Amino acid sequence: MNNIKKILAPTDLSDLSCIGLRYAMETAAERKAEVVVYLTVPIGEDWFPSSEGANPERDYVAREKIMLDKFLRDKFADELGRLKITQKVAVGAAHSSIVEFAEQEGVDMIVMSTHGRTGLGHILIGSVTEKVVERAPCPVLVVPRPWGASASTLASA
């Protein structure tokens with residue numbers, strides 16, 4: 001754990017994801033590591049260009065990059081100047097995209113929060129975090145929602 005130089009911190013731009021991002025940033029500050037904040041956007045077949053020259057996927061990803069940048073400025077302005085934070089937006093299924101990026105970039109650790117769904121919600125939706133843990137090429141630190149905390153209070157945690 002002493003050789004942590006690059007931490008992958010996935011987000012879905014939710015308040016809940018802020019707790020994982022905050023933990024990743026605190027760990028990076030202690031280790032003098034880089035944080036890659038990673039947003040995956042799912043795009044289906046309906047996003048293929050309908051005419052020559054059109055590229056809705058590129059346009060959608062560009063909008064998501066703007067949203068990610070705004071999210072980080074709004075929620076983590078205090079960290080942006082003191083840490084090396086890289087932003088990455090990718091297209092695809094979240095769990096496989098996160099694992100592939102971790103492999104390609106040689107990240108040392110993935111830090112992510114979990115929604116903590118149980119029962120039918122977990123069965124129907126599945127858990128991105130669980131799938132990442134099963135397939136990741138590096139350690140994954142899963143940060144749960146603090147007991148009793150609401151999603152709206154997590155960004156300032």
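Just so you know, these numbers come straight off a predicted model, no measurement behind them. The figures that follow rest on heavy atoms only: side chains count, while hydrogens, waters and symmetry mates do not.
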Within this structure, what is the OG1-CG distance for the pair Thr11 and Leu72, rounded to the nearest 0.5 Å? 7.5 Å
Given Cys138 and Asp108, is the side chain to side chain contact (heavy atoms under 4.5 Å, CB included) satisfied, shown in steps? CA-CA 6 Å; Cys138 60; Asp108 302 302; 6.0 Å; no
What closest approach, in Å, do Ala102 and Leu8 show between heavy atoms, and which atom pair accounts for it? CB-CD2, 4.1 Å
Identify whether the distance between the nearest side-chain nitrogen and carboxylate oxygen of Lys65 and Asp69 falls below 4.0 Å. no
Could you give the distance from CD (Glu64) to OG1 (Thr40), rounded to the nearest 0.5 Å? 10.5 Å
Any link between Ile66 and Val89 through a network of hydrophobic side chains (Ile, Leu, Val, Met, Phe, Trp, Tyr) touching at under 4.5 Å? no
Check against side chain to side chain contact (heavy atoms under 4.5 Å, CB included), Ile98 and Val128: CA-CA 9 Å; Ile98 292 166; Val128 171; 4.2 Å; yes
Please determine if Lys6 and Glu105 form a salt bridge, counting it only when a charged side-chain N lies under 4.0 Å from a carboxylate O. yes
Side chains of Tyr38 and Ser97: is there a donor and an acceptor less than 3.5 Å apart? yes
Please report the shortest heavy-atom distance between Ala9 and Val35, naming the atom on each side. CB-CG1, 4.0 Å
Gap between atom OG of Ser113 and atom CG of Leu16 - 0.5 Å precision: 4.5 Å
Where Phe76 and Cys18 come nearest, the two heavy atoms and their spacing: CZ-O, 3.6 Å
Evaluate the side-chain proximity of Met112 to Val132: yes if any heavy-atom separation is below 4.5 Å, no if none is. yes
Would you say Leu21 and Leu80 are hydrophobically clustered, going by side-chain heavy atoms of ILVMFWY under 4.5 Å? yes
Looking only at heavy atoms, which two atoms of Pro10 and Ile110 are closest? And how far apart? CD-CG2, 3.9 Å
Ion pair check, Asp15 and Lys75, cut-off under 4.0 Å: yes
Between Val36 and Ile7, is there a side-chain heavy-atom distance shorter than 4.5 Å? no
Heavy atoms, side chains only, cut-off 4.5 Å: are Leu68 and Leu13 in contact? yes
Do other residues, nucleotides or ligands put more than 12 heavy atoms under 6.0 Å from Phe101 CZ? yes
Arg31 versus Lys5: any side-chain heavy-atom pair under 4.5 Å? no
Rounded at 0.5 Å granularity, tell me how far CD1 in Ile85 sits from CD in Gln87. 8.0 Å
Given side chains that start at C-beta, do those of Val37 and Lys88 come closer than 4.5 Å, heavy atoms only? no
Which pair of non-hydrogen atoms, one from Thr86 and one from Glu34, has the smallest distance, and what is that distance? OG1-OE2, 2.6 Å
What one should report as the nearest heavy-atom pair of Pro144 and Ile19 is O-CD1, 3.9 Å
State the CD-CD distance between Glu103 and Glu100, to the nearest 0.5 angstrom. 7.0 Å
Calculate, to the nearest 0.5 Å, the distance between atoms NZ and CG belonging to Lys32 and Leu83 respectively. 10.5 Å
